[in-house]
Every structure is written in C-alpha cells, then in structure tokens.
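These numbers come from the heavy atoms of this one structure, side chains and all, not from hydrogens, waters or symmetry mates. Throughout, numbering of the chain's residues begins at 1 and tracks the sequence.
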Amino acid sequence: MANFANTDFLTVAEVAEQMRVSKMTVYRLIHSGELPAVRFGRSFRVPEVAVEEYLKAAVTGHRSETA
C-alpha cells in the first residue's frame with residue numbers, strides 16, 4: 001500500500017492550469033493510465049509529483065506506457 005502522508009495533491013482543474021490544457025485532457029490522461037490519480041468520492045486528485053514526472057518525460061520524449 002502506498003504511503004501518501006507527505007504527498008501534495010492537485011485537483012483536475014489545477015493540473016489543467018499547470019499543464020495549460022483543458023480539464024477534459026487531464027481526465028483522458030487519468031483514464032488512460034498515463035497520469036496516476038486517486039479518487040476521492042466523485043472527484044480525482046493527482047499527486048503533484050506525478051504531474052512533474054509526466055511533464056519531465058514529455059519534454060524529453062521518454063514517457064513510459066503504463067496502460
């Protein structure tokens with residue numbers, strides 16, 4: 001089981017703003033498994049470090065396929 005005690009989470013809207021994409025794009029990344037997220041009730045929260053890793057991999061072109 002993962003330990004999220006020191007993890008900062010972002011909302012889908014915050015991720016979209018940070019990545020400069022639409023919220024629908026963020027939802028697609030979550031549902032495809034490209035961007036990990038945790039579900040809280042009816043909403044998703046994305047670990048901040050996951051967004052940083054995704055963007056870093058996208059810049060270098062070495063994003064791993066997890067689906």
Side-chain angles (χ1 to χ4, degrees):
M1 183 175 217
N3 182 4
F4 294 114
N6 297 320
T7 303
D8 290 325
F9 289 95
L10 301 172
T11 64
V12 169
E14 290 170 333
V15 174
E17 183 179 328
Q18 193 171 38
M19 294 176 68
R20 306 236 195 276
V21 297
S22 70
K23 289 192 295 184
M24 185 55 65
T25 298
V26 177
Y27 283 117
R28 284 188 194 115
L29 291 171
I30 291 169
H31 289 296
S32 71
E34 291 182 68
L35 191 61
V38 177
R39 191 164 195 153
F40 289 101
R42 293 177 55 183
S43 61
F44 288 97
R45 296 293 186 271
V46 181
E48 191 170 28
V49 67
V51 176
E52 293 168 5
E53 289 173 1
Y54 180 86
L55 292 174
K56 191 182 304 182
V59 168
T60 62
H62 292 100
R63 193 168 64 221
S64 64
E65 294 297 322
T66 57

Next on the checklist: Working to the nearest 0.5 angstrom, can you tell me the gap between Met24 CE and His31 NE2?
Outcome noted: 8.5 Å
Checklist entry - Roughly how far, to the nearest 0.5 Å, is CZ of Arg39 from CZ of Arg42? => result 8.5 Å
Mind listing the closest non-hydrogen atom pair of [X] and [Y] along with its distance?
X	Y	result
Lys23	Val12	O-CG1, 3.9 Å
Val46	Ala37	CG2-CB, 4.0 Å
Ala50	Pro36	CB-CG, 3.6 Å

Checklist entry - Which residue, Val38, Val15, Ile30, forms the side-chain contact (heavy atoms from CB on, under 4.5 Å) with Phe44? => result Ile30
Checklist entry - For the hydrophobic clusters of this structure (ILVMFWY residues joined by side-chain heavy atoms under 4.5 Å, transitively), does one cluster hold both Leu35 and Leu55? => result yes
Next on the checklist: Tell me every residue that passes side-chain contact (heavy atoms from CB on, under 4.5 Å) with Glu48, counting only those two or more places apart in sequence or in another chain.
Outcome noted: Asp8, Leu10, Glu52
Item to check | Non-hydrogen side-chain atoms of Leu29 and Met19 separated by less than 4.5 Å | outcome: yes
